[in-house]
Number of protein chains: 2
Amino acid sequence: MSAGKKFEAMSGNIKKIAELAQTSKSSVSRVINNNGYVSADVRERVEKAIASINYHPNAGARTLRGSPSRLVGVLLPSLDVPFFGILAHSIEQAFFALGYQTFICSTAESQDREQAYVGMLLAQRIDGVIVASSRQEVDPFTPLRDRNIPMVAIDRPMPGLTDVCVHVDNHYGGTLLAKHLIELGHREIAIISTPRHSEPMIQRVNGACAALAEHGLKPVQIAYGNEHNLGAGRRLATKLLQKTPRPTAIIGTSDTAAIGAMHAAVDLGINVPGDLSIAGFDDIPEASYVLPRLTTVSQPTRKIGERAVHRLHQMMSGELELAVEDRLPLKLVVRQSTAKI
Amino acid sequence: MSAGKKFEAMSGNIKKIAELAQTSKSSVSRVINNNGYVSADVRERVEKAIASINYHPNAGARTLRGSPSRLVGVLLPSLDVPFFGILAHSIEQAFFALGYQTFICSTAESQDREQAYVGMLLAQRIDGVIVASSRQEVDPFTPLRDRNIPMVAIDRPMPGLTDVCVHVDNHYGGTLLAKHLIELGHREIAIISTPRHSEPMIQRVNGACAALAEHGLKPVQIAYGNEHNLGAGRRLATKLLQKTPRPTAIIGTSDTAAIGAMHAAVDLGINVPGDLSIAGFDDIPEASYVLPRLTTVSQPTRKIGERAVHRLHQMMSGELELAVEDRLPLKLVVRQSTAKI
DNA sequence: ATCAGTTATGGGATCGTTCCCATAGTGGGA
DNA sequence: TCCCACTATGGGAACGATCCCATAACTGAT
């Protein structure tokens with residue numbers, strides 16, 4: 001195979017440390033794992049030897065003997081969407097604090113990739129997994145379930161896969177937005193939902209529709225897109241706003257979609273919130289840094305990640321055997337992108 | 001330790017497959033690795049057995065025998081900053097396509113964390129590392145160098161650590177912004193740079209100062225912050241804009257800082273770009289989705305990640321032995337946040 | 001008939017670690 | 001004095017994979 005200078009990266013093993021410290025590998029192991037009897041003298045020699053060559057025990061060999069790998073996987077649709085970037089960040093940081101190493105797996109909503117990632121994670125003998133897949137299929141994840149690998153679902157329950165879930169009530173969040181707009185006098189309300197197959201987005205749409213229905217209303221249009229980015233929201237809104245009669249308000253099922261929609265309005269010379277109210281969902285940092293500042297439903301993104309890590313940690317420690325559904329609070333944050341009609 | 005129901009997650013081993021397929025583990029290994037002689041009959045039986053229990057070879061055991069781990073590490077300051085989120089995403093995706101599993105390590109600019117992560121990566125016997133540390137210290141990374149672990153620096157060279165670097169000319173980018181503002185007639189130009197110790201940010205400041213100096217100018221103020229987020233930019237700009245005389249233009253060393261500054265201006269009733277021009281750096285997606293749309297220096301974030309992966313792949317394959325410095329192109333993107341004075 | 005090369009299969013050493021077990025010295029209680 | 005508990009240390013078998021080597025059947029050339 002590949003020629004070239006070979007990197008002789010061997011980083012010493014326990015035997016070498018034993019030689020350096022003039023003792024046996026058993027004693028070295030006892031020092032490293034801090035169990036069993038070791039004299040102060042040997043301990044010191046071993047610690048010196050370890051430091052002298054910057055030795056790090058081979059993690060693979062350890063798990064081979066049956067120790068937990070202290071590796072975990074996080075499966076989510078993407079990393080370059082602010083919401084998921086923040087989520088991944090909080091998860092990774094929380095695991096680090098617990099001494100776990102995290103595999104962040106960006107599945108791009110593709111079943112093939114999910115399957116490939118699950119295989120890789122199994123090969124690494126991960127101790128647990130957090131899944132934030134937004135699609136409905138559970139097939140790619142069943143191998144994890146079949147091996148009883150502790151698993152926490154984020155963003156939406158995954159019945160049949162795991163009984164532990166950390167999420168928000170997306171349906172309720174949808175109602176908050178619709179009620180807010182109704183209270184402001186809006187009757188012609190459109191919805192932009194993207195990506196189309198995302199369960200949380202569907203729930204938000206359903207919630208909004210339910211609240212509208214309570215007032216004998218229904219959305220003048222529900223526009224679906226396929227991507228989760230600003231451009232998608234903009235394109236969908238542009239189309240929407242060119243129809244007549246024009247809606248007086250738009251609900252975006254994410255801040256990204258809503259901010260995209262704001263720019264569609266600007267392009268068309270429509271004043272927000274004067275002629276058109278726009279509201280989003282998530283409360284990403286950018287939501288309060290657009291003009292007009294975006295009215296949105298705030299979800300505690302970081303807390304969701306931290307709670308999920310906490311739950312997974314409990315499962316991995318065998319402290320959690322029951323089904324648990326953590327539902328974190330949502331809050332309507334009224335800013336400047338919505339106004340009375 | 002932790003009690004509770006034990007997860008009996010053993011996922012079969014090569015011996016079990018051998019039994020199921022009525023052959024030896026040697027033959028199973030040959031099928032899995034697709035080398036040596038195997039009859040069609042045995043191959044089929046083995047493949048069936050593998051599928052039947054969804055077997056995945058233990059990655060740790062493999063590397064124990066000397067195979068590459070196909071694990072790589074990426075060290076960067078954070079994941080919840082759009083720029084790094086996009087960078088991490090493109091790196092992770094590119095590695096996945098090459099069959100590598102990525103450890104994304106969010107170091108929070110802390111030396112302790114960097115050190116801890118490096119230790120964990122060494123324990124996992126990673127094949128290579130991409131480092132995007134913005135700080136100047138190289139100490140935490142020397143253990144990687146000492147083991148000859150292939151390493152690519154991103155965003156800035158890391159002399160003494162690695163000779164392979166993928167970056168942009170931040171100094172030049174700084175000059176682009178200054179020249180643009182000077183051409184528009186600005187003379188009172190302030191700079192907001194955050195986080196303070198980031199090498200790329202410093203280079204951008206230096207570039208801007210150099211271009212100003214060419215016209216006998218110097219920045220009316222350089223404000224430094226510690227965080228890389230919208231709030232930091234906003235706070236710095238608020239302070240800056242309350243002084244008299246007020247600058248007529250602000251250069252942010254990142255889009256994040258610049259967008260923050262725009263909101264400081266709004267808070268103070270200053271019109272952008274009428275009374276104040278603001279320009280950023282990076283061209284994150286949000287830059288074209290604020291109002292007014294942000295003038296900025298565009299860097300090819302995804303390409304940087306992909307190129308770094310390509311270079312690391314070459315190093316890991318032994319195909320790259322020389323020093324290589326990839327400098328990717330920058331481009332000034334003039335939008336609506338800057339105007340003639 | 002002999003030999004070499006190809007195809008096919010299985011045994012067993014090895015990688016780095018943990019942990020059980022054997023060994024052995026020491027000190028204190030009966 | 002004997003015995004046990006405690007302290008301390010080292011040897012060696014596992015874990016799951018790879019891969020070298022031995023074995024053996026078969027082909028075709030000499």
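Numbers restart at 1 for each chain; the letters A, B, ... are given by sequence-line order, proteins then strands.
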**OP:** Could you work out which one of D:dT9, C:dC19, D:dG16 sits closest to the side chain of A:S39?
**Re:** D:dT9
Subject >> Base C:dT14 to side chain B:R65, donor-acceptor N/O within 3.5 Å cut-off >> reply: yes
Subject >> Any B:N33 side-chain N or O less than 4.0 Å from OP1/OP2 of D:dT18 >> reply: yes
Original post:
Under 4.0 angstrom, heavy atoms only, what part of the nucleic acid is B:S26 near: base, sugar-phosphate, or nothing?
Top reply: base
Original post:
Once you round to the nearest 0.5 Å, how far does OG of A:S52 lie from CD of A:E47?
Top reply: 12.0 Å
Subject >> Nearest-angstrom distance from the residue atom NZ of B:K16 to P of D:dC15 >> reply: 14 Å
Subject >> side-chain contact (heavy atoms from CB on, under 4.5 Å) assessment of B:Q101 paired with B:V72 >> reply: CA-CA 6 Å; B:Q101 193 95 341; B:V72 290; over 6 Å; no
Original post:
Using a cut-off of less than 4.0 Å, is there contact between a side-chain N or O of A:T23 and OP1 or OP2 of D:dG10?
Top reply: yes
**OP:** Report yes if at least one side-chain N or O of B:S27 is closer than 4.0 Å to OP1 or OP2 of C:dG10; otherwise report no.
**Re:** yes
**OP:** Classify the nucleic acid contact of A:T63 as base, sugar-phosphate or nothing, counting any heavy atom under 4.0 Å across all strands shown.
**Re:** nothing
**OP:** Grab the CZ-P distance between B:R43 and C:dT9 for me, whole Å please.
**Re:** 10 Å
**OP:** Output the distance between atom SG (A:C105) and atom CG (A:L79), rounded to the nearest 0.5 Å.
**Re:** 9.5 Å
Original post:
How about B:F103 and B:Y117: are their ring centres within less than 6.0 Å of each other?
Top reply: no
Subject >> Distance in angstrom units between B:I14 CD1 and C:dG12 P, rounded >> reply: 16 Å
Original post:
Taking the side chain of B:Y37 as its heavy atoms from C-beta onward, which of D:dG10, C:dT7, C:dT18 lies nearest to it?
Top reply: C:dT7
Original post:
Within this structure, what is the CG-to-P distance between A:N34 and C:dT17, rounded to whole angstrom?
Top reply: 17 Å
Subject >> For atom CZ of A:R30 and atom P of C:dT18, their distance in whole Å >> reply: 12 Å
Original post:
How about A:M316 and A:Y100: do any of their side-chain heavy atoms sit closer than 4.5 Å?
Top reply: yes
**OP:** Please determine if a side-chain N or O atom of B:S29 lies less than 4.0 Å away from the OP1 or OP2 oxygen of D:dT18.
**Re:** yes
Original post:
Which nucleotide in the set D:dT18, C:dG11, D:dA17 lies at the smallest distance from any side-chain heavy atom of B:S24?
Top reply: C:dG11
Subject >> d(CD, A:Q22; C1', D:dT9) in whole Å >> reply: 15 Å
Subject >> Donor-acceptor pair present, B:R125 side chain and C:dG16 base, under 3.5 Å >> reply: no
Subject >> Value in whole Å for how far the C1' atom of C:dG16 lies from NZ of A:K25 >> reply: 9 Å
**OP:** Verify the contact: side-chain N or O of B:N58 to OP1 or OP2 of D:dG16, cut-off strictly under 4.0 Å; return yes or no.
**Re:** no
Original post:
Expressed in angstrom and rounded to an integer, what is the separation of A:I50 atom CD1 from C:dG16 atom P?
Top reply: 16 Å
